[in-house]
Every structure is written in C-alpha cells, then in structure tokens.
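Right, one structure below, let's go through it.
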2 protein chains.
Amino acid sequence: MDSGLLDQTRDKILNAAYGEIHRSGFQAASIANILADTKLTKGALYHYFPAKRVLGLAVIDEVIQAGFEEMVFRPLREAEHPVEELLDILQRKSEYLNETTVKLGCPLNNLMQEMSPLDEEFKERLTRILKTWQTTVQNALVQGQRQRQISADVDCEAAALFIVAAWEGCWGVAKNMQSIKTFRLCMAQLRVYVSGLKTTRKAK
Amino acid sequence: MDSGLLDQTRDKILNAAYGEIHRSGFQAASIANILADTKLTKGALYHYFPAKRVLGLAVIDEVIQAGFEEMVFRPLREAEHPVEELLDILQRKSEYLNETTVKLGCPLNNLMQEMSPLDEEFKERLTRILKTWQTTVQNALVQGQRQRQISADVDCEAAALFIVAAWEGCWGVAKNMQSIKTFRLCMAQLRVYVSGLKTTRKAK
DNA sequence: TCTATTACCTACCAACTGGTATGGATGTGT
DNA sequence: ACACATCCATACCAGTTGGTAGGTAATAGA
C-alpha cells in the first residue's frame, strides 16, 4: 500500500488524538473518544500505533512541534528584523484567539505540566520544543543587539528564557480566568518587557 | 467525638491527598494510593469526604490556599515596604527549593491547568486564589507608588497580573527542564522586571 | 491467478477506577 | 446500663480503562 504521503486514516487518528489530548490532557484522553471522533475502531488505531503512549509522542512530534515550527520558529528565524517580528508575533497571538483556544490553553504547556514529571520520553521531547523556542528567541535578541535594537548589556539567554516562561504564564492565567481580555492585558505587559530591552538600563 | 481542632485522621487524609494530587494531578490521583500512604481504608476516607471531588476541593481550600496565605499573601500585606518584600519573596522562593519541588511544580498552577476547563467549581476556587494573589501584588505596587518607589505611570493592575503570570511561568519552565538553575535564572529576570517598575519610563 | 501483506473490524479481557453496603468497635449522653 | 452517634474496616460492585486475538476484505506483487 501507499503508507507514503497521504495516509488519511493515520492523520485522522492523529488529529482526533490531538483534540482529545488538548481537551482532557494525555492521561485522561480516552481512546474510545478518539475512535468515536474518527468513526474508526481499535483495530485501525492499534494498527498504526502500538500503544497510547506512542500515539501521544507522535502527537507531540507531528502536530504540536510542527505547529510551533510554522507559527513561531520559522517566522522568527527568517525575519530580517527579528525583534520587530517577535513583538509582532506576540501581538498576533493575542489577537487571533477565540473562546475555546483560551479555555483549553497552550497544548505544549498543558502536556509539559502534566507529563514531564511522569514520563521521561515525554519530558525530553517537550523540553526539546521548549529549548528550541528559547534558542530561537535568544537568537532573535542577539541579532537585535547586532542591529543596535537591543541594549548591549542584556543577557539574551536569560531574557529569552524569561520571555518564553512569561509567554506560557500568560496562557496559564488566561486559561484559568477563561478570559481573552486577561490574556491580552498580560501579553501587552510582556511586550512592555521586551520593548524595555531596547533602552539602556542597569541591573539593580 | 471531638471533630473540632485536632482531627488527626482527616488531616492525614488531606495531606496524603495533597501529595498524591501534587504528584499525579487530580484525575490521575488514586484513592488507593492515598489510602496506602495513610494506612487507612475507604471507610475512613468516605467517612470524612463524600466523594473524591470534595476531597480535591478541600485540598485546595485547606492546604493550597492556606499555604499561599502564609507564605505569600500575609507577608505581602503586612509589610511596611511591600515592594522590597515582594522582591524578597521572589528571592526567597528561588533559594529555598529542592529537586522534588521543582520537579513537581507549583501545586496551584498544576491544578489550574488540569481542572479549570473541566470543572466549574474547581475553576472558581482556584481562580479565587489567583485573583487574591494578583490583588495582593497590585496593592503592594499601589502602596509602592504612594511611597514613591514605583513609577507613577505604571499600570499596577496589569503589572500585577503579569507578575503573577510570569511567576507561574517560571515554575512551569523549571518544572519541564527539571532544573533549579533554570528556575533561578528565570526568577532573576522577573526581579529585573519588577525593579524596572521603579524607574520612570514611557509605554512604547 | 495464486499468494502475501496491508488495513481495518469485532469481540473479548484483566486491571483498575470511584463508590457503596454492611458491620464492628468505641465512645457519649442520659 | 441502655440507646445512639461517631469512626473506621471489609467486602463487594458496576463502569471504564488500555490492550489483544482473530478474523475479513482489499490490494499488491509474481
């Protein structure tokens, strides 16, 4: 058979699994629900994925990581003025966002919080995405320093880490308050922080 | 019987439940494990708590909220110089912290991420803690403005929200990377942000 | 056309889940 | 001393979980 580019069934399972995991977390994600969504049966699922765990790992690699790559990492890497692009992305992310998105939260963050202490392989793959994220932001800041957009005395590694952390933090509080307004207010402050890196300043 | 101040059995269940929930989350928290920890049986547990859900809510109110009250809210409210106290707390929190603490993450954040979309009552109680947190920080900043420690053009509500969000964000990344060093680096940047509120600055 | 493999379905299972019913032991009020 | 509530243990249950065994239909290769 094909098994090559278009593997509709596998993709359907993958997407349904992503949805279920996003809604309920990995552990509480019910295989029965995934199958109900896809109108498939266990035979199909266990044909493509030998276990629920493997399905979860595939969702991380092929859906979540791919999504970040397209929506955040690539734009940031390819931008000519990465600092502006970073502020742009923060802006865009806080605009395009609906009720359910804010209610369910960031899929990466959700999975990290749930699975990192429980499963080493989950942790590794999720942390890899997080570190790529940090590194990408860090490179943007460094390039910003070269372009005289970011103050020279900024510790880009620490700042990038903090930006990622705060970013996820904004997702978190907005998710709990279930309020888009909260998310926007919070992200606006993050942009204030990033903008603050432009002006020269002293540590304490 | 007593049922008053010292109810050892109930406390034992509550603490064991807190531990289990902290380790595995609420849904995955196994009543069997809690009972194994306490060396009690179901009769005891269901004598004090009519359902697992109620036990979870009790853990939120009587363990988690109480902890925040003692460790964060009260010191912040009672401080004469709340901005210094806030920076102090951020400092203390990043120092006193061991391997397992960073591995398991912030109990409040964990529960919020997991339960807010799933259970309205969980959400309400957790959000209440979060809002108390925000308000407490906000009051500290406002008082700081009165004491001429915080720049007058700071939006204290937004800043407080962001501080809480970033705070939880620091917990989050540190938990996933399972690195105390990461936590400290991240919290240090948060202190930089807070310190930055002292100097006068313009929004964008 | 015969064979082998892929793709998927149906029926089933052991393990575990939260929860309940019952009963015994220990006080407590009268 | 009797009735009664509190505290907790034991045994049990229905429902759900991820996972498996075995079969069928379709397709591919020769």
Side-chain angles (χ1 to χ4, degrees), chain A residues 1-60 62 110-111 114-115 118-122, chain B residues 1-60 62 110-111 114-115 118-122:
Chain A
M1 236 305 200
D2 185 2
S3 175
L5 281 182
L6 92 162
D7 213 332
Q8 272 195 320
T9 305
R10 208 186 103 102
D11 280 0
K12 262 165 72 178
I13 295 173
L14 218 48
N15 285 328
Y18 169 76
E20 251 287 299
I21 292 174
H22 196 190
R23 278 187 297 269
S24 314
F26 174 75
Q27 297 179 92
S30 161
I31 289 190
N33 285 3
I34 296 173
L35 297 175
D37 282 0
T38 57
K39 312 223 183 243
L40 291 168
T41 59
K42 291 203 172 178
L45 196 153
Y46 282 91
H47 173 68
Y48 290 100
F49 305 97
K52 185 189 177 187
R53 225 178 71 93
V54 176
L55 175 58
L57 294 171
V59 166
I60 294 176
E62 300 179 39
N110 293 354
L111 271 179
E114 180 189 3
M115 297 303 296
L118 301 182
D119 189 298
E120 193 62 26
E121 204 166 350
F122 272 77
Chain B
M1 237 301 199
D2 185 3
S3 174
L5 282 181
L6 91 161
D7 212 332
Q8 273 195 321
T9 306
R10 208 186 103 101
D11 280 0
K12 261 166 73 178
I13 295 173
L14 219 48
N15 285 327
Y18 170 76
E20 251 286 299
I21 292 174
H22 197 191
R23 278 187 298 267
S24 313
F26 174 75
Q27 297 180 89
S30 163
I31 290 191
N33 284 6
I34 296 173
L35 296 176
D37 283 0
T38 58
K39 312 224 183 244
L40 291 168
T41 59
K42 292 201 172 179
L45 196 153
Y46 281 91
H47 173 70
Y48 290 100
F49 304 97
K52 185 190 179 187
R53 225 179 72 94
V54 176
L55 174 59
L57 294 171
V59 165
I60 293 176
E62 301 179 37
N110 293 354
L111 271 180
E114 179 190 5
M115 297 304 295
L118 300 182
D119 189 297
E120 193 63 25
E121 203 167 349
F122 271 78

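Every heavy atom of this structure was used, including side-chain atoms; hydrogens, water molecules and symmetry mates were not. Labels below follow one simple rule: chain letters A, B, ... track the order of the sequence lines, proteins then strands, and each chain is numbered from 1. In this text the structure is predicted, and so the values were computed from the model without any measurement.
A side-chain donor-acceptor contact under 3.5 Å links Glu20(A) to the backbone of Ser30(A).
For the residue pair Gln27(A) and Gln27(B), no side-chain donor N or O sits within less than 3.5 Å of a side-chain acceptor on the partner.
Side-chain N/O atoms of Thr9(B) include one lying less than 4.0 angstrom from OP1 or OP2 on dC8(D).
At a threshold of 4.0 angstrom between heavy atoms, the contacts of Leu45(B) with the nucleic acid are absent.
For Tyr46(B) against Ala51(B), the heavy-atom pair with the smallest separation is CE2-CA, 4.0 Å. Heavy atoms only, all atoms of each residue included: Ala58(A) and Phe49(A) are closest at CB-CE2, 3.8 Å.
Distance CZ (Phe49(A)) to P (dT20(D)): 16 Å, rounded to an integer number of Å. As a whole-Å value, the separation of Lys42(A) NZ from dC13(C) P is 13 Å.
Side-chain atoms of Lys52(B) and base atoms of dG19(C) include no donor and acceptor less than 3.5 Å apart.
Listed nucleotides dT20(C), dG18(D), dC8(D) differ in distance to Tyr48(B); the shortest reach to its side chain belongs to dC8(D). Checking dC8(D), dG19(D), dT10(C) against the side-chain heavy atoms of Thr41(A) singles out dT10(C) as nearest. The nucleotide whose nearest atom lies closest to any side-chain atom of Ala51(A) is, among dA9(D), dG19(C), dG19(D), dG19(D). Taking the side chain of His47(B) as heavy atoms from C-beta on, and the options dT6(D), dC8(C), dG18(D), the nearest nucleotide is dT6(D).
Non-hydrogen atoms lying under 4.0 Å from DNA chain D are contributed by Ala29(A), Ser30(A), Ile31(A), all within residues 18-39 of chain A.
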(request) Apply side-chain contact (heavy atoms from CB on, under 4.5 Å) to Leu35(B) and Thr41(B), showing your working. (result) CA-CA 6 Å; Leu35(B) 296 176; Thr41(B) 59; 5.5 Å; no

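Under a 4.0 Å N-O distance rule, the pair Arg23(B)/Asp37(B) qualifies as a salt bridge.
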